Enquirer: 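A single structure is presented below for examination.
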Protein chains: 2
Amino acid sequence: MSSTARTYHHGNLRATLLQRAEDALAAGEDLSLRELARRAGVSHAAPRRHFADKQALLDALAEDGFSRLGAQLSQAATGPDFSTRLLGFARAYVTFAVEHAALLELMFAGKHRSAGVRAASERAFAGPLSMIVAGQEAGEVVPGTLEEVATVAVATLHGLAAMVNNGMLEAAALDEIVPAAVERLELGLRPRPSGA
Amino acid sequence: MSSTARTYHHGNLRATLLQRAEDALAAGEDLSLRELARRAGVSHAAPRRHFADKQALLDALAEDGFSRLGAQLSQAATGPDFSTRLLGFARAYVTFAVEHAALLELMFAGKHRSAGVRAASERAFAGPLSMIVAGQEAGEVVPGTLEEVATVAVATLHGLAAMVNNGMLEAAALDEIVPAAVERLELGLRPRPSGA
DNA sequence: ACCTGAACACCGTTCAAGT
DNA sequence: ACCTGAACACCGTTCAAGT
């Protein structure tokens with residue numbers, strides 16, 4: 001009933017700009033604040049009301065990306081046992097990375113990383129990683145090495161994603177290499193068989 | 001004897017521009033072709049003679065980076081046994097990544113990656129990785145999983161480097177986490193103890 | 001409160017012209 | 001062969017002014 005359309009530049013310019021920015025990223029275009037404003041139908045100075053500068057818009061984009069990534073990871077990190085949850089997490093991560101290559105690169109860009117983006121990235125991984133180990137019997141996972149393995153897990157998956165997104169690795173190879181990488185991570189989590 | 005100085009804009013402008021670009025990267029500055037030309041003492045149109053456009057200069061920078069990274073990796077991937085060589089490789093990789101954070105990000109940037117850059121990245125890793133397994137006795141390494149493990153190894157190290165360079169991980173944590181990651185990779189390379 | 005229009009100081013790229 | 005100077009079409013950012 002309420003007119004959701006034509007509410008442009010009257011309340012939701014911020015959301016519109018972010019959407020247009022994501023469209024441009026997905027299309028492989030460079031981000032220009034002036035071009036974004038043009039596509040939103042406002043003057044080039046209008047975005048200033050919602051984003052202090054271009055970097056602020058990029059930060060908002062990155063935070064949004066981490067929020068969605070975290071949600072997809074949490075959803076995927078489910079299943080009856082540890083193995084299934086870790087593999088679900090891994091597949092969800094590389095899927096997001098391949099489907100949003102440019103956004104992921106922006107999310108992990110080293111320069112000018114705001115405190116908000118850093119916090120968003122921690123939230124995105126902390127939740128699903130804790131789900132993976134939740135409810136595990138004591139004998140299945142070595143607790144001491146957990147944070148260490150979590151870091152290595154994220155690093156490995158992010159590295160694979162980076163290699164696919166820049167042509168060092170074929171996307172098709174992920175079907176084989178992701179389970180292999182997960183198997184290697186699991187080996188580190190299990191108590192050593194040599195009980196001595 | 002021969003005058004190496006004051007040979008500017010008479011033969012080595014290309015090398016001078018690349019050097020200035022690396023200086024700017026190391027200083028955390030944004031790269032501007034016009035600013036680079038200014039610092040080299042030439043007009044803003046002069047770089048055109050040596051680089052078709054800005055991307056060509058970035059590609060040359062990335063190729064150079066991979067060449068140096070490959071040399072350092074080859075030098076570090078030495079030692080009496082497989083373990084030592086893999087750990088040397090890993091430490092050399094993260095050292096390069098931390099010391100040349102902006103350059104590494106440029107080297108792995110997904111956008112506009114030229115065939116030359118892709119070839120340089122393959123050269124940088126192929127050599128040292130083959131050194132790691134060279135001279136191994138058949139029983140120590142599972143040959144079939146070698147390329148797979150090499151990919152996972154590079155991915156893991158690159159992921160750790162990316163996490164350090166964007167603040168998700170403290171650089172000091174690498175001293176502990178790199179050997180841990182290497183140990184996990186090694187487990188995957190060894191033949192399974194359950195000989196059945 | 002939210003947006004516009006002009007202005008400022010930069011870009012990358014092109015091209016005739018110089019030496 | 002290598003470089004210059006002017007020109008073109010863009011940027012991001014700022015700020016007085018409008019409604």
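Side chains are part of it too, since the values below use all heavy atoms of this structure and drop only hydrogens, waters and symmetry mates. Convention: sequence-line order gives letters A, B, ...; per-chain numbering from 1. A quick note: this is a predicted structure, and the numbers were derived from the prediction, not measured.
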Enquirer: Do A:Val164 and A:Leu160 pass the side chain to side chain contact (heavy atoms under 4.5 Å, CB included) test, and can you show the C-alpha distance, the side-chain angles, and the key distance before you say yes or no?
Expert: CA-CA 6 Å; A:Val164 168; A:Leu160 287 173; 5.7 Å; no

Enquirer: According to side chain to side chain contact (heavy atoms under 4.5 Å, CB included), who are the partners of A:Val182, at least two apart in sequence or on a separate chain?
Expert: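 With neighbours one apart ignored, the set is A:Leu86, A:Leu87, A:Ala90, A:Val178, A:Glu186.
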
Enquirer: Rounded to the Å, how far apart are A:Leu17 CG and C:dC2 P?
Expert: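 Distance, rounded to whole Å: 13 Å.
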
Enquirer: Got a sec, which residues hit side-chain hydrogen bond (donor to acceptor under 3.5 Å, both in side chains) with B:Gln72, two or more places apart in sequence or on another chain?
Expert: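 Per chain and number, B:Gln72 pairs via side-chain hydrogen bond (donor to acceptor under 3.5 Å, both in side chains) with no residue.
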
Enquirer: Suppose the criterion is side-chain hydrogen bond (donor to acceptor under 3.5 Å, both in side chains): which pairs have a residue in residues 150-175 of chain B, not counting sequence neighbours?
Expert: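 Output for this query lists A:Thr156-B:Thr156, B:Tyr93-B:His158.
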
Enquirer: By side chain to side chain contact (heavy atoms under 4.5 Å, CB included), which residues pair with A:Ala92, not counting sequence neighbours?
Expert: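 Side chain to side chain contact (heavy atoms under 4.5 Å, CB included) check on A:Ala92 returns A:Leu73, A:Ala76.
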
Enquirer: Which stems, defined as runs of 3 or more consecutive Watson-Crick or G-U wobble pairs with both pairing distances under 3.5 Å, involve DNA chain D?
Expert: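 Stems (3+ consecutive pairs) listed as C:4-8 with D:12-16, C:12-16 with D:4-8.
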
Enquirer: Rounding to a whole Å, what distance do you find between A:Asn12:CG and C:dA1:P?
Expert: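 Result: 19 Å.
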
Enquirer: List the residues meeting ring-ring contact (aromatic ring centres under 6.0 Å, His included) with B:Phe96, not counting sequence neighbours, and say none if there are none.
Expert: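 Partners of B:Phe96 under the ring-ring contact (aromatic ring centres under 6.0 Å, His included) test: B:His100.
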
Enquirer: Name all residues meeting the side chain to side chain contact (heavy atoms under 4.5 Å, CB included) criterion together with A:Arg14; count only those two or more places apart in sequence or in a different chain, and write none if there are none.
Expert: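 Per chain and number, A:Arg14 pairs via side chain to side chain contact (heavy atoms under 4.5 Å, CB included) with A:Leu18, A:His50, A:Phe51, A:Ala60.
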
Enquirer: Side-chain atoms of residues 23-33 of chain A: list all donor-acceptor pairs with protein atoms under 3.5 Å, sequence neighbours left out, distances to 0.1 Å.
Expert:
unit_1  : atom_1 : unit_2  : atom_2 : d
A:Asp23 : OD1    : A:Gln19 : NE2    : 3.1
A:Glu29 : OE1    : A:Arg39 : NH1    : 3.3
A:Glu29 : OE1    : A:Arg39 : NH2    : 2.8
A:Ser32 : OG     : A:Arg34 : N      : 3.4
A:Ser32 : OG     : A:Glu35 : N      : 3.1

Enquirer: Can you pull every protein N or O that's under 3.5 Å from an N or O on nucleotides 10-13 of chain D?
Expert:
unit_1 : atom_1 : unit_2  : atom_2 : d
D:dC11 : OP2    : A:Arg38 : NH2    : 2.9
D:dC11 : O5'    : A:Ser32 : OG     : 3.2
D:dG12 : OP1    : A:Leu33 : N      : 2.9
D:dG12 : OP1    : A:Lys54 : NZ     : 3.3
D:dG12 : OP2    : A:Leu33 : N      : 3.2
D:dG12 : OP2    : A:Arg34 : N      : 3.1
D:dG12 : N7     : A:Arg34 : NH1    : 2.5
D:dG12 : O6     : A:Arg34 : NH1    : 2.8
D:dT13 : OP2    : A:Lys54 : N      : 3.0
D:dT13 : O4     : A:Arg34 : NH1    : 3.2
D:dT13 : O4     : A:His44 : NE2    : 3.4

